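Model, not experiment: these values are computed from the prediction. The first residue in the sequence is number 1, and the count goes up from there.
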Amino acid sequence: ASGPGLTKAMLRRKSMLVVRSEYGKTLSAIAATTKKPNDPMQTLKQIETGLYTGSGPNNTVAGVEYSNKEETVAALKSVAYSFVSETTPGTFHDALTEKMMEDGYLSRMTLIEYPGDDPDYNLSPVLVPNEDLIAACGNLCETAARLNGMVDVTVNHKEKDGDIKALPPIPVQLDEEARVFLAEFRLNCKIMLKGQQNNGIRQLWNRAHLKALRLAGLVAVGEAAFIV
């Protein structure tokens, strides 16, 4: 994995979900090269930070210019980047550094820790998905393809190759209950920031409200994925 490679992949696809294994090892490599700003792991960290900030239908992620012209990449527009991974707690915690907290890299992630026991072995696994699940996955893939196929965000349902029409981004709206709840949470985040001297902790609370909005948006899309 490298920063230029990731950016070039985003140029081809516009939106991407990367599935990684053992992210603690990636984090260890990033920590080991902190004092080497031109190391591939540091450029990967830099690019991922920029993609998080610049993801959105009308946003732009700055390009990167290298002395090796083959690695230079242009600016990205209207991208959506996410990654999901797993790791063992020990590997992850051992790799953490204060700088990762202070520069906002780690605070951009949503971390979920499972403290429970291993689940029982499944003696009756489902080998063939049912028709409803197949249809739902097909609809989801078609919707994603239509959203990815859009070139101009100002033009609704612009025709692309084949019979699939491109879709504009679908804004997720807040109902009144969500609006009140998130406003109270934003105020609580502001209170937690008051007098906080630890910059790493400040970064966590500084992005907490934005992360709540993103998670709420994901839940809303999961419940009503095809409502335009």
Side-chain angles (χ1 to χ4, degrees), residues 1-56 59-77 79-119 189 192-193 196-215 218:
S2 69
L6 175 58
T7 310
K8 289 178 179 178
M10 294 299 297
L11 280 171
R12 295 192 299 269
R13 299 194 181 186
K14 290 292 185 181
S15 69
M16 184 184 302
L17 172 64
V18 177
V19 181
R20 292 173 174 164
S21 179
E22 292 293 344
Y23 186 68
K25 295 180 179 179
T26 300
L27 211 59
S28 296
I30 291 175
T33 58
T34 299
K35 296 182 179 180
K36 300 177 182 179
N38 295 324
D39 187 271
M41 298 309 298
Q42 292 301 311
T43 59
L44 175 64
K45 174 186 171 186
Q46 176 189 351
I47 293 299
E48 283 191 327
T49 302
L51 286 172
Y52 178 95
T53 304
S55 286
N59 294 344
T60 300
V61 179
V64 183
E65 186 170 349
Y66 296 93
S67 56
N68 182 350
K69 297 301 181 182
E70 292 183 358
E71 293 187 348
T72 296
V73 290
L76 302 170
K77 294 183 179 181
V79 300
Y81 172 74
S82 299
F83 77 84
V84 61
S85 186
E86 39 69 37
T87 188
T88 56
T91 304
F92 180 81
H93 291 141
D94 289 346
L96 294 181
T97 66
E98 190 172 343
K99 184 171 179 57
M100 289 178 191
M101 301 291 293
E102 292 179 346
D103 65 11
Y105 178 67
L106 197 67
S107 66
R108 286 169 164 81
M109 301 180 191
T110 298
L111 307 177
I112 301 174
E113 183 177 7
Y114 174 66
D117 297 327
D118 289 343
C189 292
M192 298 302 295
L193 280 167
Q196 178 57 250
Q197 300 299 317
N198 186 307
N199 193 41
I201 295 178
R202 287 189 63 86
Q203 291 295 333
L204 291 174
W205 283 109
N206 193 40
R207 289 187 173 83
H209 179 254
L210 175 59
K211 290 170 74 172
L213 286 171
R214 289 174 181 247
L215 289 172
L218 285 174

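Between L204 and M192 the shortest side-chain heavy-atom distance does not fall below 4.5 Å. Counting heavy atoms from C-beta outward, H93 and L96 have side chains that approach closer than 4.5 Å.
Under the rule for a ring-ring contact (aromatic ring centres under 6.0 Å, His included), Y105 has no partner lying at least two apart in sequence or in another chain. Remark: A212 pairs with L182, F185 by the side chain to side chain contact (heavy atoms under 4.5 Å, CB included) rule, at least two apart or across chains. Among residues two or more places apart in sequence or in another chain, the side chain to side chain contact (heavy atoms under 4.5 Å, CB included) test is passed with V84 by L17, V19. Scanning for side chain to side chain contact (heavy atoms under 4.5 Å, CB included) contacts around A29 gives M41, with sequence neighbours left out. For S107, the side chain to side chain donor-acceptor pair (under 3.5 Å) criterion is met by R207, not counting sequence neighbours. With sequence neighbours excluded, the residues forming a side chain to side chain contact (heavy atoms under 4.5 Å, CB included) with T97 are A31, K99, M100, listed by chain and number. For T88, the side chain to side chain donor-acceptor pair (under 3.5 Å) partners two or more places apart in sequence, or in a different chain, are T91. Contacts of Q42 classified as side chain to side chain donor-acceptor pair (under 3.5 Å), with partners at least two apart in sequence or in another chain: T33. Every residue two or more places apart in sequence or in another chain was checked for a side chain to side chain donor-acceptor pair (under 3.5 Å) with N206, and none qualifies.
Between the CE atom of M101 and the CG atom of N198 there is a distance of 7.5 Å, given to the nearest 0.5 Å. Taking CG from L218 and CG from L213, the interatomic distance works out to 11.0 Å, rounded to the nearest 0.5 Å. A distance of 8.5 Å separates OG1 in T87 from CG in L27, rounded to the nearest 0.5 Å. Separating the CG atom in L51 from the CD atom in Q46 is a distance of 10.5 Å, to the nearest 0.5 Å. Of the inter-residue distances, the one linking K211 atom NZ with L215 atom CG reads 8.0 Å to the nearest 0.5 angstrom.
The closest donor-acceptor contact from the side chain of R202 to the backbone of Q197 lies at 3.5 Å or more, if one exists at all.
Sequence neighbours left out, the pairs with a member in residues 9-52 that pass ring pair (Phe, Tyr, Trp, His ring centres under 6.0 Å) are Y23-F83. Within the structure, salt bridge (charged side-chain N to carboxylate O under 4.0 Å, His left out) contacts touching residues 28-56 (residues at least two apart or in different chains) are R20-E48, K45-D103.
Minimum interatomic distance between A208 and C189 (heavy atoms only, all atoms of both residues): CB-SG, 3.7 Å. The minimum heavy-atom distance between M16 and A9, with the atom names listed, is CE-CB, 3.5 Å. Shown here for G104 and Q203, the closest heavy-atom pair between the two residues is CA-OE1, 4.0 Å.
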(request) Applying side-chain contact (heavy atoms from CB on, under 4.5 Å), run through E86 and S21 and close with a yes or a no. (result) CA-CA 6 Å; E86 39 69 37; S21 179; 3.2 Å; yes
